[in-house]
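Reviewing the structure listed below.
Throughout, a chain's letter reflects where its sequence line sits, starting with A, and its residues are numbered from 1.
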Protein chains: 2
Amino acid sequence: MKRIAENTINRLIVYKKELERLRKDDVRNVFSHKLAFLSGFPSHLVRRDLMNVGYNGSPAHGYDVVELEKCIADFLCTPGSVRVILIGVGNLGRAILDYCQQQNHKISMVAAFDSDKNKVNKVYHGIYTFHIDSIKNFIKENDIKVAIITVPASDAQEIASALVESGVRGIVNFTPARLQLNEEVYIENLDMMLGLEKVVYFVDGG
Amino acid sequence: MKRIAENTINRLIVYKKELERLRKDDVRNVFSHKLAFLSGFPSHLVRRDLMNVGYNGSPAHGYDVVELEKCIADFLCTPGSVRVILIGVGNLGRAILDYCQQQNHKISMVAAFDSDKNKVNKVYHGIYTFHIDSIKNFIKENDIKVAIITVPASDAQEIASALVESGVRGIVNFTPARLQLNEEVYIENLDMMLGLEKVVYFVDGG
DNA sequence: TTTGAATTGTGAAAAAAATCACAATGCAAA
DNA sequence: TTTGCATTGTGATTTTTTTCACAATTCAAA
Ligand SMILES: NC(=O)c1ccc[n+]([C@@H]2O[C@H](COP(=O)([O-])OP(=O)(O)OC[C@H]3O[C@@H](n4cnc5c(N)ncnc54)[C@H](O)[C@@H]3O)[C@@H](O)[C@H]2O)c1
Ligand SMILES: NC(=O)c1ccc[n+]([C@@H]2O[C@H](COP(=O)([O-])OP(=O)(O)OC[C@H]3O[C@@H](n4cnc5c(N)ncnc54)[C@H](O)[C@@H]3O)[C@@H](O)[C@H]2O)c1
């Protein structure tokens with residue numbers, strides 16, 4: 001099985017989301033051009049990407065929306081359900097907890113953690129908040145593999161190290177800190193400031 | 001002047017941030033390996049990227065932290081100051097306003113907009129919130145080129161169209177909506193769910 | 001001064017990604 | 001049935017990006 005490029009994965013996730021939307025609108029079939037338009041990529045790239053997931057459309061009807069969505073989901077290996085935790089129930093953390101509740105996804109938020117006694121043992125947007133001291137046990141007992149970090153940047157490295165030590169293998173890092181981890185962990189840095197700087201660059205020069 | 005790849009820009013922004021940190025720690029010089037380690041990219045890629053910005057280090061002392069930071073900043077064209085607005089002062093919007101205040105950047109948040117009368121004419125994290133109806137005038141009068149969208153997904157397209165019509169050329173879109181805009185506008189989609197799905201993919205299979 | 005060690009900058013090679021272009025397909029309409 | 005059309009899937013090609021590898025550079029120490 002050949003390695004798939006990160007960009008391809010990004011696009012597949014977008015296709016999946018667009019297919020989900022089409023399905024909910026009761027659209028049965030979709031052509032590569034349409035999917036390309038919806039997701040913002042060229043249509044030949046859509047077709048090339050779909051070669052990777054091994055789904056065959058028909059020249060006459062294009063792709064079956066339901067089948068293709070399922071095929072991409074299988075390929076992306078989103079299994080029955082993935083349990084995720086969040087660390088740092090501050091402004092951003094609560095916004096994310098809220099956002100996750102709204103999506104009825106295969107990815108489910110199962111717990112939050114904070115060091116602030118005023119936040120511990122409270123429920124935010126349906127998610128129970130535990131004290132940070134219990135996180136290692138929680139991760140091991142519940143076999144958590146993915147976590148979201150929304151603590152202050154100064155605490156991010158310490159938290160990340162503890163997560164990885166306990167078995168976490170993927171981190172979504174919203175802080176501006178660049179995490180240094182020796183073990184092999186997939187880190188997705190979502191620092192808004194970087195995105196904003198990129199936009200500024202492409203707007204006034206690039 | 002040759003076109004620079006988006007990935008190169010991403011990396012340059014990270015280098016710049018690491019250099020800023022080094023400067024604040026009074027570090028004078030840095031080698032490509034060190035910068036590579038800090039930013040998480042291979043050192044030959046660091047050197048290759050730096051060729052693009054036209055800064056020359058010395059084999060003996062590596063790069064001058066202050067000069068290189070300045071050189072990248074110039075290259076990225078972050079001019080005196082860029083004014084940015086935010087639309088949608090909800091959970092996420094307020095978290096971002098707070099975050100922007102903490103950074104003392106060349107990018108400055110100058111106003112927020114909302115449709116909710118309870119939020120209009122209030123100040124959140126130092127930023128005044130105007131009614132959404134006044135946004136077109138504001139953009140034109142203040143020559144705003146970049147905006148951040150944190151309204152509900154269902155309103156995102158309408159807002160985005162209005163922004164672009166008024167002169168905005170770059171958008172950071174935090175909603176799951178895929179924006180369709182005919183004019184040439186740079187859009188940075190920061191949908192957390194996509195990042196999370198990517199992490200899940202790379203954790204349990206890729 | 002000379003040697004040695006570390007690092008830069010960059011041509012060249014390799015690898016990866018995107019694009020092109022078209023045969024093959026399947027359907028609708030004549 | 002046959003023709004025409006729009007679309008898929010994919011080899012081939014082009015372009016882009018990354019990696020390799022090493023001459024050139026600089027300095028410190030002998
Ligand atoms: N990527 C983005 O778009 C974006 C936007 C806003 C903020 N941020 C970043 O996200 C982080 C959080 O921002 P915020 O505005 O929510 O901050 P916040 O101060 O409101 O929240 C931080 C939370 O983390 C908790 N915390 C602190 N130390 C902890 C520890 N060691 N263990 C567990 N919990 C701990 C605090 O009690 C608090 O509840 C910051 O790093 C900020 O820079 C990112
Ligand atoms: N990318 C992420 O990580 C992330 C995280 C959380 C939420 N989100 C998304 O961000 C968006 C906002 O999330 P939230 O939790 O802050 O929601 P929210 O409901 O708390 O806030 C939305 C705000 O937009 C305002 N608004 C609504 N319609 C408007 C209009 N037409 N013009 C101006 N203002 C308007 C509302 O009054 C409210 O203040 C949603 O689309 C959500 O899906 C993204």
Q: Could you pull out all residues at least two apart from B:D64 that satisfy salt bridge (Lys or Arg N to Asp or Glu O under 4.0 Å)?
A: none
Q. In whole angstrom, what separates A:D64's CG from D:dT7's P?
A. 17 Å
Q) Rounded to the nearest Å, what distance is computed from the CG atom of residue A:L50 to the P atom of nucleotide D:dT10? A) 11 Å
For nucleotides 23-28 of chain D, print each protein N/O atom paired with a nucleotide N/O atom at under 3.5 Å, atom names and distance only.
none

**Q.** Those residues that, when tested against A:K106, pass salt bridge (Lys or Arg N to Asp or Glu O under 4.0 Å) (two or more places apart)
**A.** none
Q) Among all residues two or more places apart in sequence or in another chain, which pass the side chain to side chain contact (heavy atoms under 4.5 Å, CB included) test with A:Q157? A) A:S161, A:L179, A:Q180, A:L181
Q: Identify the residue among B:K24, B:R23, B:K16 that makes a side chain to side chain donor-acceptor pair (under 3.5 Å) with B:E20.
A: B:K24
Q | Sugar-phosphate only, base, or nothing, as touched by A:T8 at under 4.0 Å among non-hydrogen atoms | A | nothing
Q.
B:F37: which residues meet the ring-ring contact (aromatic ring centres under 6.0 Å, His included) condition with it, sequence neighbours left out?
A. none
Q) Which residues pass the side-chain hydrogen bond (donor to acceptor under 3.5 Å, both in side chains) test with A:R83, sequence neighbours left out? A) none
Q. Taking only residues two or more places apart in sequence, or in another chain, which ones meet B:Y63 in a ring-ring contact (aromatic ring centres under 6.0 Å, His included)?
A. none
(Q) Can you measure A:F31 atom CZ to D:dT8 atom P for me and round it to whole angstrom units? (A) 6 Å
**Q.** Test side-chain hydrogen bond (donor to acceptor under 3.5 Å, both in side chains) applied to A:N56 - qualifying residues, sequence neighbours left out
**A.** none
Q. Between atom CZ in A:F37 and atom P in D:dT7, what is the gap in whole Å?
A. 15 Å
Could you go over nucleotides 11-15 of chain D and give all protein N or O partners under 3.5 Å, atom names and distances?
from	atom 1	to	atom 2	distance (Å)
D:dG11	O6	A:R48	NH2	2.5
D:dA12	N6	A:R48	NH2	3.0

Q.
Per the salt bridge (Lys or Arg N to Asp or Glu O under 4.0 Å) rule, what does the pair list look like for residues 144-172 of chain A, sequence neighbours excluded?
A. A:K136-A:E165, A:D143-A:K145, A:R169-A:E183
Q: Please collect all salt bridge (Lys or Arg N to Asp or Glu O under 4.0 Å) contacts where either partner lies in residues 37-58 of chain B, sequence neighbours excluded, each pair once.
A: B:R11-B:D49
Q.
Distance under 4.0 Å to a non-hydrogen atom of chain B counts as contact; along DNA chain C, which nucleotides mark the start and end?
A. C:dT7 to C:dA12
Q) What nucleotide, of D:dT19, D:dT18, D:dT8, holds the atom closest to the side chain of B:N7? A) D:dT18
